[in-house]
2 protein chains.
Amino acid sequence: MIVQNASHPIPTPGNIYGYITAPTEAPGSLETMGVPMTFKRNSEIYGEKEPSDYLYKVTTGAVRTYRILADGRRQIGAFYLPGDVFGLESRKTHVFSAETITDSKLVAIKRSTIVTLAARDSAVARELWNVTTCELERVQQHLVALIKSAEERVAGFLLEMAKRTPGTNQVQLPMSRQDIADYLGLTIETVSRTMTHLESTAAIALPSSRCVVLRNKVTLGRLNS
Amino acid sequence: MIVQNASHPIPTPGNIYGYITAPTEAPGSLETMGVPMTFKRNSEIYGEKEPSDYLYKVTTGAVRTYRILADGRRQIGAFYLPGDVFGLESRKTHVFSAETITDSKLVAIKRSTIVTLAARDSAVARELWNVTTCELERVQQHLVALIKSAEERVAGFLLEMAKRTPGTNQVQLPMSRQDIADYLGLTIETVSRTMTHLESTAAIALPSSRCVVLRNKVTLGRLNS
DNA sequence: CGACCATTTGATATGGATCAAGCGATGTGG
DNA sequence: CCACATCGCTTGATCCATATCAAATGGTCG
């Protein structure tokens, strides 16, 4: 919410910073033409209604996109972790706002640059379509999650987070309970109670509030339907 | 649910039916390379988990996409009306199933054909990205709707339907109350009660259950946040 | 140590679900 | 042409999962 870094280094088309460190295996070509940017935690990256001139790829840190309704309710659209691309969700102007959750490094890629490149290079065009469809699939899943019970939503969320931190059953949550609640369409109290309950049934362990160990994925998966 | 038309006319790459009648203004080039198909009402177009080999454009009629959870709950992902394109929501296999709501005519377009064409023609590639992003935007809106109150959801739904039948405040609903309920994450009873309530506050008129007249869009819009 | 913030826990309220009839339109067979 | 079954929708009564309100706990930082 609090903008700690309002002055974006505006990348220009002529910029030739190459961003080299390959984050994961994912979308290969895109980040090579982007500009690295650094944000403090809870910084606005873009606001709802702003023109969507850039796509972003997370290098380190974590990002949330969200929308605030007239009466203050907030819906979080997604959490983006290292390797994820965001800013695709709109054509002209953003439907959601984006903020960092923790101190983060991103790569910003000018939309027009990609569009131009995509017009020439069909591999880029295809990549772009691919990433967008991935995002669409993700939102569809999220949509389905919102009709489930509180326990199913939380279990699903934890499994989703675990899948994104492969190789371990221990999940470090960069986001607050309030963020999780607004992502799942629940209240902070319900999220907390549900976590406690999952712990009491030995489905998870909670060494600390931001660290969850999945002890019984089968149980969690069953809850997930 | 009941499959009345299980034998799809499988379109082949060699098919040279040109589909000429331009439905609306929207996505121009896509349907010209498709194959027209006719479905009775409540026919399955494709099932969840099936490979997503085709995109479809609605010519006449109406389509719903949906997902059934283990315990039978159904979430409707979207309603598609004449001019709309669907089947984009996945890369390899469908995440949702699709059914006609009423007798319908569709144009089926082979995915591989489009991909091939998109590789050659950047206008097609761009169109494809555009349609997908539109769909993404729509799902995001839907997501946000699901955290609202029952009355807001119903009001929002009616406004959305009205926007898709321009030039009039009278909306003909091709879908049942159950469909609307499953789209909005409510029960049929709640949808019905909410409609009745909106009628009693003169926000809408209900000449018949499938016909809604929006009498006060301002009130409805306010509810919509 | 004390202030602050995030989280948990407890008590109560409520919106929408569930269970249960009733009603009106449509269709079917006698 | 009418009795009656069927189906989609509405209306009513009650229940419950989650929200709301309130307070206690715990962790972090100056």
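Here is how names work: the chains are called A, B, and so on, in the same order as the sequence lines, proteins then strands, and each is numbered from 1. Note that the structure is a prediction, hence the values are computed from the model and not measured. Just so it is clear, the values below take in all heavy atoms, side chains as well, and ignore hydrogens, waters and symmetry mates.
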Which label fits A:Tyr56 and A:Phe86: parallel for a plane angle under 30°, tilted from 30 to 60°, or perpendicular past 60°? parallel

Write down the distance between CD (B:Glu189) and C1' (C:dG22), rounded to a whole number of angstrom. 14 Å

Any chance you could measure A:Leu173, atom CG, to A:Met195, atom CE, to the nearest 0.5 Å? 5.5 Å

Between P on D:dT25 and CD1 on A:Ile188, what's the gap in Å once rounded to a whole number? 18 Å

Regarding A:Asp84 and A:Arg164, does a basic nitrogen lie under 4.0 Å from an acidic carboxylate oxygen? yes

Atom pair distance, as rounded to whole Å: NE2 in A:His197 and C1' in C:dG10: 17 Å

Would you mind classifying the nucleic acid contact of B:Thr196 as base, sugar-phosphate or nothing, using non-hydrogen atoms under 4.0 angstrom? sugar-phosphate

Find the distance between CD (A:Glu89) and CZ (A:Arg67) and round it off to the nearest 0.5 Å. 11.5 Å

Determine the contact category for A:Thr187: base if any of its heavy atoms lies under 4.0 Å from a base atom, sugar-phosphate if only primed atoms, P, OP1 or OP2 are that close, otherwise nothing. base

Taking CG from B:Asp182 and P from C:dA17, how many angstroms apart are they, rounded to a whole number? 11 Å

Separation of D:dA19 atom P from A:Leu184 atom CG, nearest Å, is 11 Å

Is A:Ser149 touching bases, backbone alone, or none of the nucleic acid, heavy atoms closer than 4.0 Å? sugar-phosphate

Charged N-O contact under 4.0 Å between B:Lys163 and B:Glu160: no

So A:Arg210, base contact, sugar-phosphate only, or nothing? Heavy-atom distance under 4.0 Å. sugar-phosphate

Reading DNA chain D from 5' onward, which residue's closest nucleotide shows up sooner: B:Arg177 or A:Thr190? B:Arg177

May I have the distance from A:Leu186 (atom CG) to C:dT7 (atom C1'), rounded to whole angstrom? 16 Å

Under 3.5 Å donor-acceptor pair, B:Arg193 side-chain atoms to D:dG12 base atoms: yes

Round to a whole Å and report the spacing from CG of A:Leu198 to P of C:dT9. 13 Å

Whole angstrom value for the distance that separates C1' of C:dA6 from CE of A:Met195: 13 Å

